[in-house]
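Note sheet for the following structure.
Starting from 1, each residue takes its place in the sequence as its number. These figures come from a predicted structure and were not determined experimentally.
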Amino acid sequence: MSSTLATHHLWWLLALLLIALEVGLPGYFLLWIGIGAGATGVLAWLFPGMSLLTQAIAFAVLAFLACAVYARVLRPRLKRGDAASERLNRRGAQMVGQRYVLIEPIVNGRGKARVGDGEWLVNGPDLPLGATVEVVGVDGNTLQVRSAT
């Protein structure tokens, strides 16, 4: 009985070692193999009569499945968030292509547009009050616009 306990404890120690190595060697690879080792430890604990060969096969399968779940499910979700985080501190970049209404006419290339519940400075061709403009770029906190009509 004590050898069975030692076996599942060894799998958990291997899992902790692999996850700790992941901290020092980043890349999200050892983490998933460590999760496979931890899951193998759970199997060895639940089924104490499992042979060492069966445990090794279970470890290989579980480590592969953990890596596959990361590659097929988690990684695409994490990459999807990258596009939004690129614009996180550049609110104006999110406005490119959007249309807004002028609340001050553009005179000598400068005016103001209503954006949500706020006002933004705009640069563009002279346009009257109430004209619809399309954002074509951002320069600092000033939107570069053109007539939307």
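Residues I35 and L31 have side chains in contact (heavy-atom distance under 4.5 Å, counting atoms from C-beta outward). Residues F29 and L18 are not in side-chain contact: their nearest non-hydrogen atoms beyond the backbone lie 4.5 Å or more apart. Side-chain contact check for V136 versus V96: every heavy-atom pair is 4.5 Å or farther apart. Taking 4.5 Å as the limit, some side-chain heavy atom of V145 sits within range of a side-chain heavy atom of I106. Residues V115 and L143 meet the side-chain proximity criterion, which asks for heavy atoms closer than 4.5 Å.
In terms of hydrophobic clustering, with Ile, Leu, Val, Met, Phe, Trp and Tyr side chains grouped at heavy-atom distances under 4.5 Å, L16 and L25 are assigned to different clusters. Linking Ile, Leu, Val, Met, Phe, Trp and Tyr whenever their side-chain heavy atoms come within less than 4.5 Å leaves I57 and W45 in two separate clusters. Tracing side-chain contacts under 4.5 Å through hydrophobic residues (I, L, V, M, F, W, Y), one never reaches W120 starting from I103; they form parts of separate clusters. Hydrophobic clustering (side-chain heavy atoms under 4.5 Å, transitive across Ile, Leu, Val, Met, Phe, Trp, Tyr) groups L74 together with I19.
Here S147 pairs with T149 under the side-chain hydrogen bond (donor to acceptor under 3.5 Å, both in side chains) rule; sequence neighbours left out. A search for ring pair (Phe, Tyr, Trp, His ring centres under 6.0 Å) contacts involving F59 returns W11, not counting sequence neighbours. Among residues two or more places apart in sequence or in another chain, the side-chain contact (heavy atoms from CB on, under 4.5 Å) test is passed with L21 by L17, L30. Partners of L52 by side-chain contact (heavy atoms from CB on, under 4.5 Å), not counting sequence neighbours, listed by chain and number: Q55. Checked against side-chain contact (heavy atoms from CB on, under 4.5 Å), A15 has the following partners two or more places apart in sequence or in another chain: A37. Every residue two or more places apart in sequence or in another chain was checked for a side-chain hydrogen bond (donor to acceptor under 3.5 Å, both in side chains) with T132, and none qualifies.
Considering every non-hydrogen atom in both L43 and A58, the closest pair reads CD1-CB, 4.2 Å. Residues P48 and L46 approach most closely at CD-O, 3.3 Å, considering heavy atoms. Of all heavy-atom pairs between P76 and A71, the closest is CD-O, 3.5 Å. Residues G130 and V101 approach most closely at O-CG1, 3.7 Å, considering heavy atoms.
Ring geometry for W32 versus Y70: interplanar angle under 30°, hence parallel rather than tilted (30 to 60°).
Sequence neighbours left out, not one pair with a member in residues 39-52 passes salt bridge (charged side-chain N to carboxylate O under 4.0 Å, His left out). Applying the side-chain hydrogen bond (donor to acceptor under 3.5 Å, both in side chains) definition to pairs two or more places apart or across chains, those involving residues 96-112 are R110-N123. Residue pairs that meet the salt bridge (charged side-chain N to carboxylate O under 4.0 Å, His left out) test with at least one member in residues 49-74, sequence neighbours left out, do not exist here. Each salt bridge (charged side-chain N to carboxylate O under 4.0 Å, His left out) pair with one or both residues in residues 45-71, not counting sequence neighbours, would appear here, but there are none. The side-chain hydrogen bond (donor to acceptor under 3.5 Å, both in side chains) contacts involving residues 58-67 comprise nothing, where partners must be two or more places apart or lie in separate chains. Listed by first and then second residue, the salt bridge (charged side-chain N to carboxylate O under 4.0 Å, His left out) pairs involving residues 136-149 are E134-R146 (not counting sequence neighbours).
Within the 3.5 Å criterion, the main-chain N or O of G36 finds a donor-acceptor partner in the side chain of T40.
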**Request:** Could you check L102 against L127 for side chain to side chain contact (heavy atoms under 4.5 Å, CB included), going step by step and ending with a plain yes or no?
**Result:** CA-CA 8 Å; L102 292 177; L127 293 169; 3.7 Å; yes
